[in-house]
Undergrad: 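I have a structure I would like to understand better, so I am pasting it below and will then ask my questions one at a time.
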Amino acid sequence: MLARMTGPRLRPTLLGVPAYRAGLPAPAGAYKISSNENPYPPLPSVTAALAAAVGQLNRYPDFASDDLIAALAARYSVPAAHIAVGTGSVGVAQQIVQSTAGPGDEVVFAWRSFEAYPIITAVSGATAVPVPLDDDDRHDLPAMLAAITERTRLVFVCNPNNPTGTAVRRAELEAFLDAVPDDLLVVVDEAYCEFIRDEQVPDGLDLYRDRPGVCVLRTFSKAYGLAGLRVGFAVAHEPVAEALRKTAVPFGVSTIAQVAAIASLAAEDELRARVEQLVKERDAMAAALAEQGWRVPVSEANFVWLRLGARTEEFADACAAAGVVVRSYGITEALGGVRVTVGEPEATERFLTVAAAFAPR
């Protein structure tokens with residue numbers, strides 16, 4: 001007789017998977033600046049395209065996302081065969097891990113960086129190798145290079161880095177790419193690339209073109225304001241892109257997501273104006289914090305980072321009490337802090353009032 005079971009057998013590796021912690025929602029009357037969302041609604045032209053697509057929702061999406069991939073190929077001057085799409089850049093990142101790493105393999109990334117990296121690594125059964133940021137809250141590329149072993153299959157470089165906003169510059173990234181083993185895939189995660197203003201920060205697509213081991217990851221969730229539709233994409237040489245298409249969830253990118261992304265690419269001039277407003281607001285926020293006495297890393301994203309250590313939870317609670325919700329990290333760690341998304345001017349004003357009360361003396 002079979003032994004009596006107490007429940008279904010699940011993969012033991014899931015016991016060690018950390019839970020993803022999303023930005024807290026904002027209660028009525030409060031501002032949510034905890035999730036790096038674009039505070040602006042979709043453009044009228046994008047909304048009109050969405051309305052027209054609603055009548056197609058009884059049908060499955062285009063399985064291959066052919067029209068979207070063609071639009072991306074034309075926009076970025078890359079072969080269509082080098083593009084893979086998925087459910088947001090985090091969905092494509094998971095496809096990347098599934099395509100490269102499994103039990104016994106290692107995935108290297110900076111820490112603290114995008115919270116999903118250790119999660120999607122653990123789900124695949126691979127081993128996460130987090131490498132601490134340097135004292136300026138930037139990627140420590142020499143340390144990351146030293147962390148690579150014969151078991152390493154994948155490296156994530158989040159540029160700009162989430163949650164600190166800091167960016168790796170061209171010379172140091174090129175030196176890193178030239179030094180890694182030829183059989184290693186390096187993913188340059190550029191979810192916030194539209195907000196970069198430092199001319200020394202490279203466009204990952206320029207690096208990928210003559211480097212078969214480089215994959216560039218981007219999203220429509222941030223600058224394009226389509227976070228609720230979940231559409232991202234990777235650009236990589238054909239063997240890698242083909243593997244990502246094999247590991248994609250079938251029909252994962254919905255019809256309205258594909259339509260909205262194509263319409264957004266056609267409206268880039270209008271979107272660029274909105275991004276410029278957010279960049280100005282970001283820089284003004286950082287300047288105000290510096291004037292209050294804070295040490296603020298230079299951000300090339302749509303958020304700023306404050307290192308608070310043991311006061312992280314207290315600060316986040318004070319922000320919530322003032323009607324603005326921020327994203328706290330590592331509240332029990334010495335390097336704990338908060339990430340503050342650039343949102344509505346009123347949200348910035350409330351946040352800065354709280355920051356002034358906590359400012360270093």
Side-chain angles (χ1 to χ4, degrees), residues 22-23 31-40 88-90 92-93 109-117 133-134 136-139 141 156-170 172-173 187-205 216-227 232-233 271-290 294-308 324-330 335 337-345 347-348 351-352 355:
Y31 292 95
K32 180 186 178 187
I33 52 175
S34 57
S35 293
N36 294 345
E37 298 156 328
N38 190 321
Y40 300 113
S89 59
V90 66
V92 185
F109 49 82
W111 196 254
R112 179 168 296 270
S113 190
F114 182 35
E115 191 172 3
Y117 295 157
L133 299 172
D134 67 17
D136 294 320
D137 297 315
R138 302 176 70 249
H139 279 60
L141 291 182
F156 281 104
V157 177
C158 191
N159 204 38
N161 186 49
N162 176 16
T164 62
T166 53
V168 176
R169 291 186 164 185
R170 181 177 293 104
E172 55 187 332
L173 185 52
V187 176
V188 183
D189 186 345
E190 296 187 328
Y192 303 94
C193 63
E194 292 87 358
F195 301 97
I196 295 171
R197 293 298 177 269
D198 183 348
E199 294 181 356
Q200 293 303 310
V201 178
D203 182 330
L205 293 177
V216 178
L217 190 57
R218 293 191 179 179
T219 183
F220 284 89
S221 296
K222 312 302 180 185
Y224 289 92
L226 302 181
F233 64 99
L271 286 165
R272 197 174 294 114
R274 287 184 166 187
V275 168
E276 198 58 42
Q277 286 182 272
L278 292 173
V279 168
K280 289 180 179 178
E281 186 77 10
R282 173 197 73 194
D283 292 346
M285 180 192 295
L289 289 168
W294 292 97
R295 173 183 171 271
V296 185
V298 176
S299 174
E300 296 293 339
N302 69 331
F303 53 84
V304 297
W305 168 256
L306 290 184
R307 189 186 290 190
L308 286 143
V324 59
V325 180
V326 300
R327 178 70 161 85
S328 60
Y329 291 85
L335 301 182
V338 297
R339 186 193 67 195
V340 185
T341 306
V342 178
E344 299 85 347
T348 300
F351 161 70
L352 288 174

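Bear in mind that the values here come from a model prediction, so they are computed numbers and not experimental data.
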Undergrad: About how many Å separate CG of L278 and CG of D283, when rounded to the nearest 0.5 Å?
TA: 11.0 Å
Undergrad: Quick one: pull up CG in N162 and OH in Y329 and give me the separation to the nearest 0.5 Å.
TA: 5.0 Å
Undergrad: So, taking the atom named OG in S89 and the one named CZ in R218, what distance separates them when rounded to the nearest 0.5 Å?
TA: 11.5 Å
Undergrad: What is the distance from atom CZ of R138 to atom CZ of R169, rounded to the nearest 0.5 Å?
TA: 7.5 Å
Undergrad: Taking E344 for its side chain and Y31 for its backbone only, find out whether a donor-acceptor pair lies under 3.5 Å.
TA: no
Undergrad: So, are R339 and D137 salt-bridged, with charged N and O less than 4.0 Å apart?
TA: no
Undergrad: Atom CG in L173, atom NE2 in H139: separation rounded to 0.5 Å?
TA: 9.0 Å
Undergrad: Quick one: do K222 and E190 make a salt bridge, cutoff under 4.0 Å?
TA: no
Undergrad: Let me know which of V187, D189, L217 forms a side chain to side chain contact (heavy atoms under 4.5 Å, CB included) with V92.
TA: L217
Undergrad: Do L271 and Y224 have side chains that get closer than 4.5 Å, going by heavy atoms?
TA: yes
Undergrad: Of all residues at least two apart in sequence or in a different chain, which pass the salt bridge (Lys or Arg N to Asp or Glu O under 4.0 Å) check with D134?
TA: none
Undergrad: Applying side chain to side chain contact (heavy atoms under 4.5 Å, CB included) between R282 and each of V340, V304, T348, N302, report the one that passes.
TA: V304
Undergrad: Less than 4.5 Å apart, side chain to side chain, heavy atoms only: is that true for E276 and K280?
TA: yes
Undergrad: Mind checking ring-ring contact (aromatic ring centres under 6.0 Å, His included) for Y192 and listing every partner two or more places apart, or none if nothing turns up?
TA: F303
Undergrad: Testing R197, R274, E194 one by one against V279 for a side chain to side chain contact (heavy atoms under 4.5 Å, CB included), which residue passes?
TA: R197
Undergrad: Does N159 use its side chain to pair, donor to acceptor, with the backbone of A167 at less than 3.5 Å?
TA: no
Undergrad: Consider only side-chain N and O atoms of S113 and N161, and report whether a donor and an acceptor are under 3.5 Å apart.
TA: yes
Undergrad: Check the pair W294 / L308 against side-chain contact (heavy atoms from CB on, under 4.5 Å), numbers first and verdict last.
TA: CA-CA 10 Å; W294 292 97; L308 286 143; 3.5 Å; yes
Undergrad: Excluding sequence neighbours, so at least two apart, what forms ring-ring contact (aromatic ring centres under 6.0 Å, His included) with Y117?
TA: F109, F114, F156
Undergrad: Would you say the side chain of E115 lies within less than 4.5 Å of the side chain of P163, judging by non-hydrogen atoms?
TA: no
Undergrad: Using every non-hydrogen atom in the two residues, find where N38 and G225 come nearest and quote the distance to one decimal.
TA: CB-CA, 3.8 Å
Undergrad: If I compare all heavy atoms of S35 with all of T341, which pair ends up nearest, and what's the gap?
TA: N-OG1, 3.7 Å
Undergrad: From I33 CD1 over to M285 CE, what is the distance, rounded to the nearest 0.5 angstrom?
TA: 6.0 Å
Undergrad: Thinking salt bridges, do D136 and R295 make one under a 4.0 Å N-O criterion?
TA: yes
Undergrad: Closest approach of A301 and S299, non-hydrogen atoms and distance?
TA: N-OG, 3.2 Å
